[in-house]
Amino acid sequence: MDECIFCKIVKGDIPCAQVYADEKIIAFLDIAPISKGHTLIIPKVHYENLWEVPEDLGNDILRAMQKIGNGILKATGAQGLNVVMNNFPAAGQVIPHAHWHLIPRFKGDGLFKIVQGKYDSNDEIMALADKIKNNI
Ligand code: 5GP
Ligand code: ZN
């Protein structure tokens, strides 16, 4: 993955403001933050998206996310923290190296929220739930 920006950051070829590193994971500040303290957590090995990340590494990432999230909350004084992972371009994934965004939030900051929509009918929601269930 010679061209991957995040692999270059892991190798030290591109500088970053690193906040955490262990054997398998690094975390650094996003260069274009949604809010100050916006941090990216990535596996050192190049996996493209959620489904490529092995289960044991997923556990390590979750634990690191809890530790780093605490650090971000304390350092920024934020009252909340969004954890966002974009998978595939349709979901806004620009860098095809799996990563999790940790975004500090303050009450009333108005940055973003989940936009709520609706189903046309109860039949539609029940049928879709069944369809998803049958595909798991
Ligand atoms: P995505 O849209 O793929 O989920 O998010 C990629 C993120 O990587 C963006 O928020 C972007 O600002 C950040 N980013 C892109 N290039 C660099 C870089 O060279 N250094 C750092 N620290 N962040 C980057
Ligand atoms: Zn990579």
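Each ligand, and each atom within it, is numbered from 1 in the order the structure gives.
The backbone N or O of Phe6 sits nowhere less than 3.5 Å from a side-chain atom of His46 that would complete a donor-acceptor pair. The backbone N or O of Ala98 sits nowhere less than 3.5 Å from a side-chain atom of Glu52 that would complete a donor-acceptor pair. Between the Glu124 side chain and the Tyr119 main chain, no donor and acceptor come within less than 3.5 Å of each other.
Counting heavy atoms closer than 4.0 Å to ligand 1, residue Cys16 contributes nothing at all. Contacts between Leu29 and ligand 1 below 4.0 angstrom, taking non-hydrogen atoms only, involve the backbone exclusively. When non-hydrogen atoms are compared, ligand 1 lies under 4.0 Å from the side chain of Phe6 (C-beta onward) but not from its backbone. Residue-level proximity to ligand 1 for Ile31 is carried by backbone and side chain together, each with a heavy atom below 4.0 angstrom.
For the pair Met85 and ligand 1, no heavy-atom separation below 4.0 Å is found. Note on ligand 1: Ile9 sits in its first shell, one or more heavy atoms being nearer than 4.0 Å.
Between His101 and ligand 1, a contact under 3.5 Å exists for at least one N or O pair. Looking at ligand 1, you'll find an N or O of Gly92 within less than 3.5 Å of one of its N or O atoms. Taking only nitrogen or oxygen atoms, main chain and side chain alike, His99 reaches within less than 3.5 Å of ligand 1. Some N or O of Ile95 is nearer than 3.5 Å to an N or O of ligand 1, by distance alone.
Under the side-chain contact (heavy atoms from CB on, under 4.5 Å) rule, Ile132 has a single partner from Asn134, Ile136, Asn135, which is Ile136.
Distances from the Zn ion (ligand 2) to each N, O or S atom of His46 single out ND1 as the nearest. The Zn ion (ligand 2) is closest to atom ND1 of His97 (considering only N, O or S atoms).
Aromatic ring orientation, His101 versus His38: tilted (interplanar angle from 30° to 60°).
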### Message
Quick one, Thr76 with Lys36, criterion side-chain contact (heavy atoms from CB on, under 4.5 Å). Give me CA distance, side-chain angles, the key distance, then yes/no.
### Response
CA-CA 8 Å; Thr76 62; Lys36 289 178 183 175; 6.0 Å; no
### Task
Decide yes or no on side-chain contact (heavy atoms from CB on, under 4.5 Å) for Leu62 and Trp100, but give the supporting numbers first.
CA-CA 10 Å; Leu62 180 62; Trp100 286 259; over 6 Å; no
### Task
In sequence, state the C-alpha distance, the side-chain angles, and the governing distance for Ser35 and Leu111, and then conclude on side-chain contact (heavy atoms from CB on, under 4.5 Å).
CA-CA 8 Å; Ser35 63; Leu111 287 177; 3.8 Å; yes
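No side-chain heavy atom of Ile41 sits less than 4.5 Å from a side-chain heavy atom of Tyr20.
Near Asn86, with a cut-off below 4.0 Å to any heavy atom, the atoms of ligand 1 are 1 (P), 2 (O), 4 (O). Of all atoms in ligand 1, listed by their number and element, those nearer than 4.0 Å to a heavy atom of Val94 are 1 (P), 2 (O), 3 (O).
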